[in-house]
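Each residue takes its place number in the sequence, starting with 1. All values reported here derive from a predicted model rather than from experimental measurement.
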Amino acid sequence: MTEYGPRPVDRRLPTEEARDLLTLVRELAEREIRPTAAEEEDAGHFPRATFTLLSEAGLLSLPYDEEFGGGGQPYEVYLQVLEELAAARLTVGLGVSVHTLACHALAGYGSKEQRAEHLPDMLGGGLLGAYCLSEPSSGSDAASLTTRATREGDVWTLEGTKAWTTHGGVADFYTVLARTGGSGAHGITAFLVPGDAEGLSAAAPERKMGMKGSPTAQLHFDAVRIPDSRRLGDEGQGFAIALSALDSGRLGIAACAIGVAQAALDEALAYTAERQQFGRPIADFQGLRFMLADMATQIEAGRALYLTAARLRDAGLSFSKEAAMAKLFCTDTAMRVTTDAVQLLGGYGYTLDFPAERFMREAKVLQIVEGTNQIQRMVIARHLAGPEKR
């Protein structure tokens with residue numbers, strides 16, 4: 001009989017501090033997140049207390065500067081933290097990624113006064129953020145958004161509807177992209193909107209096939225008044241800010257996808273090591289061993305791809321193409337691996353008694369969010385062959 005089962009992820013981390021951090025995250029995830037993940041997802045329970053705990057532990061601020069309460073960690077470390085959290089529960093891992101995305105505009109483009117006023121609470125004060133770019137009729141074509149901000153003196157008035165907002169209705173602040181000028185990408189500006197702003201309301205959360213614990217909702221802006229001190233960056237700079245944020249956000253999605261895939265592989269390894277047929281564990285049968293080998297290889301390749309992109313980012317180099325490649329490959333990998341995990345568990349994989357079916361349902365959304373994988377292919381092709389001829 002072959003002894004076979006899950007192995008800890010062998011991580012190449014840059015410092016002992018980073019290694020200690022990953023150990024802390026794994027212990028926290030095993031103690032506080034994984035045990036109730038299936039039950040809470042089935043009930044559609046949003047784990048606000050978990051995000052408060054993560055904030056207190058400094059895990060909502062990892063890639064930002066220490067000057068304003070950030071963790072000062074390189075992206076290659078932050079992304080591996082996301083992977084561990086997503087492996088325990090995607091709602092949590094993806095939620096941390098979205099919160100980090102929501103802080104990006106202020107951290108990268110806000111004035112020093114704005115950062116000093118807002119960032120400490122956003123990064124470590126228990127607040128949770130959301131990001132508002134998509135609209136009911138502008139998803140992949142984000143530059144055609146119609147939510148409008150009109151200025152009168154030092155006050156902006158926002159009117160419109162945002163769609164597919166993760167944490168919609170429960171976030172404490174929203175980074176909102178709104179039109180302040182003419183049509184196209186150059187007429188868009190970014191704003192920091194409080195979650196309790198008068199005139200801001202959320203529709204009922206979408207009913208989804210997975211990630212039921214993470215609320216996704218439309219947001220309605222009905223004459224929401226925002227002082228100019230909450231405008232982020234210059235007027236008309238919003239779309240460039242959004243694209244910059246999405247490059248980093250796509251790496252977050254890639255890391256979350258590898259976390260889900262790793263969790264599915266671990267489940268498949270544990271099951272096939274224990275499940276006996278014909279007098280031996282099914283992990284000893286060559287057909288299944290080859291499936292496990294392919295799953296593990298795809299996961300390692302995806303992890304290497306997102307870490308390569310992260311290291312480019314940490315070095316201050318261009319990483320847009322590599323971020324798109326990582327998002328594309330890692331999320332496609334998660335879909336393949338979770339599907340194979342269900343197959344390896346046979347009939348049990350199709351039941352709610354095992355998490356494999358949940359991993360498969362959750363993996364699907366990762367091929368869609370923060371730029372569908374078809375959009376990622378367009379981005380990659382533009383880097384390779386230049387813009388499309390129109």
Side-chain angles (χ1 to χ4, degrees), residues 94 97-98 101-102 104-105 108-109 130-150 156 158-168 174-191 193 202-203 206 208 211 216-221 224 231-254 257 318-332 364-390:
L94 188 70
S97 181
V98 167
L101 181 70
H104 179 275
Y109 297 88
Y131 186 76
C132 300
L133 176 61
S134 294
E135 296 182 0
S137 59
S138 66
S140 296
D141 183 15
S144 67
L145 65 83
T146 59
T147 295
R148 179 162 288 279
T150 305
W156 294 88
L158 276 64
E159 296 273 1
T161 297
K162 293 294 182 179
W164 309 113
T165 305
T166 301
H167 301 157
Y174 298 91
T175 294
V176 180
L177 284 302
R179 187 162 302 285
T180 56
S183 61
H186 299 294
I188 296 171
T189 302
F191 297 90
V193 179
E206 306 288 350
K208 300 175 297 187
M211 286 191 66
T216 304
Q218 287 192 358
L219 289 177
H220 304 299
F221 295 81
V224 175
R231 172 176 49 84
L232 304 176
D234 297 330
E235 290 185 44
Q237 192 182 11
F239 197 69
I241 292 173
L243 292 182
S244 170
L246 287 175
D247 280 342
S248 298
R250 284 165 180 164
L251 293 183
I253 299 300
S318 174
F319 68 101
S320 179
K321 178 187 69 177
E322 289 78 8
M325 287 177 167
K327 199 274 183 183
L328 168 64
F329 185 86
C330 292
T331 58
D332 281 354
K364 185 64 220 177
V365 75
L366 298 175
Q367 295 178 301
I368 299 171
V369 296
E370 294 198 28
T372 66
N373 282 6
Q374 287 68 34
I375 290 294
Q376 305 312 314
R377 289 176 171 90
M378 290 174 62
V379 171
I380 296 163
R382 284 173 187 161
H383 281 278
L384 297 175
E388 301 93 333
K389 302 298 186 292
R390 297 182 183 274

Trainee: Check for a donor-acceptor pair, side chain of Arg382 on one end and backbone N or O of Ala385 on the other, with a separation under 3.5 Å.
Mentor: no

Trainee: Measuring from Ile188:CD1 to Arg179:CZ, what's the distance to the nearest 0.5 Å?
Mentor: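 Spacing of CD1 (Ile188) from CZ (Arg179) equals 4.5 Å.
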
Trainee: Partners of Ala149 by side chain to side chain contact (heavy atoms under 4.5 Å, CB included), sequence neighbours excluded?
Mentor: Trp156, Leu158, Ala178, Thr180, Phe191

Trainee: Using a 4.5 Å cut-off on heavy atoms from C-beta on, say whether the side chain of Val369 contacts that of Thr166.
Mentor: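 Contact flag for Thr166/Val369 side chains = no.
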
Trainee: Evaluate the criterion side chain to side chain contact (heavy atoms under 4.5 Å, CB included) for residue pair Thr216 and Lys208; output intermediate values, then yes/no.
Mentor: CA-CA 9 Å; Thr216 304; Lys208 300 175 297 187; 2.9 Å; yes

Trainee: Going through the checks in order, is the side chain to side chain contact (heavy atoms under 4.5 Å, CB included) test met by Ile241 and Thr175?
Mentor: CA-CA 11 Å; Ile241 292 173; Thr175 294; over 6 Å; no

Trainee: What's the shortest heavy-atom distance between Thr161 and Glu135, and which atoms?
Mentor: O-CG, 3.3 Å

Trainee: Is the shortest heavy-atom distance from the side chain of Tyr109 to the side chain of His104 under 4.5 Å?
Mentor: yes

Trainee: Using side-chain heavy atoms (C-beta onward) and a distance below 4.5 Å, is Gln376 in contact with Met325?
Mentor: no

Trainee: So which atom in Leu145 and which in Ser138 form the shortest heavy-atom distance, rounded to 0.1 Å?
Mentor: CA-OG, 3.5 Å

Trainee: Could you report the tightest heavy-atom contact between Gly236 and Thr189, atom names first, then the distance?
Mentor: N-OG1, 2.9 Å

Trainee: To the nearest 0.5 Å, what is the distance between SG (Cys132) and NE2 (His167)?
Mentor: 12.0 Å

Trainee: Who pairs with Arg231 by side-chain hydrogen bond (donor to acceptor under 3.5 Å, both in side chains), at least two apart in sequence or on another chain?
Mentor: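 Residues passing side-chain hydrogen bond (donor to acceptor under 3.5 Å, both in side chains) with Arg231: Asp228.
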
Trainee: Within a reach of under 6.0 Å around NE2 of His186, are more than 12 heavy atoms found that belong to other residues, nucleotides or ligands?
Mentor: no

Trainee: Do Glu206 and Trp164 come close enough that some side-chain heavy atom pair is under 4.5 Å?
Mentor: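 Contact flag for Glu206/Trp164 side chains = yes.
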
Trainee: Is it the case that the side chain of Lys162 and the backbone of Leu177 share a donor-acceptor pair, with hydrogens and angles ignored and the cut-off at 3.5 Å?
Mentor: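 The answer is yes, because a donor-acceptor pair under 3.5 Å joins these two groups.
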
Trainee: Identify the heavy atoms of Ala217 and Gly168 that sit nearest to each other, and give their distance.
Mentor: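 In terms of heavy atoms, the two residues are closest at CB-O, 3.8 Å.
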
Trainee: Could you tell me if the side chain of Gln367 sits less than 4.5 Å from the side chain of Asp332, heavy atoms only?
Mentor: yes

Trainee: For Ala326, does its backbone N or O pair with a side-chain atom of Arg250 as donor and acceptor, under 3.5 Å?
Mentor: no

Trainee: For Ala163, enumerate each residue passing the side chain to side chain contact (heavy atoms under 4.5 Å, CB included) test, keeping only those at least two apart in sequence or located in another chain.
Mentor: Pro136, Gln218

Trainee: Does some side-chain heavy atom of Met211 sit less than 4.5 Å from a side-chain heavy atom of Leu94?
Mentor: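 In contact.
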
Trainee: Of all heavy-atom pairs between Lys327 and Ile368, which one has the smallest distance, and what is that distance?
Mentor: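 Heavy-atom minimum between the residues: NZ-N, 3.9 Å.
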
Trainee: Got a second to check how far Leu366's CG is from Asn373's CG, nearest 0.5 Å?
Mentor: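 Answer rounded to 0.5 Å: 9.5 Å.
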
Trainee: Look up atom CD in Gln374 and atom OG in Ser140, then write down how far apart they are to the nearest 0.5 Å.
Mentor: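 Answer for the CD-OG pair, Gln374 versus Ser140, is 8.5 Å.
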
Trainee: Say you draw a straight line from OG1 of Thr147 to CG of Leu219; how long is it, rounded to the nearest 0.5 Å?
Mentor: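 Answer for the OG1-CG pair, Thr147 versus Leu219, is 9.5 Å.
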
Trainee: For the residue pair Ser320 and Asp247, what are the closest heavy atoms and their distance?
Mentor: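 Looking at all heavy atoms of both residues, the closest pair is OG-OD1, 3.3 Å.
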
Trainee: Measure the spacing between CE of Met378 and CG of Leu328 and express it to the nearest 0.5 Å.
Mentor: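 Interatomic distance, Met378 CE to Leu328 CG, rounded to 0.5 Å: 13.5 Å.
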
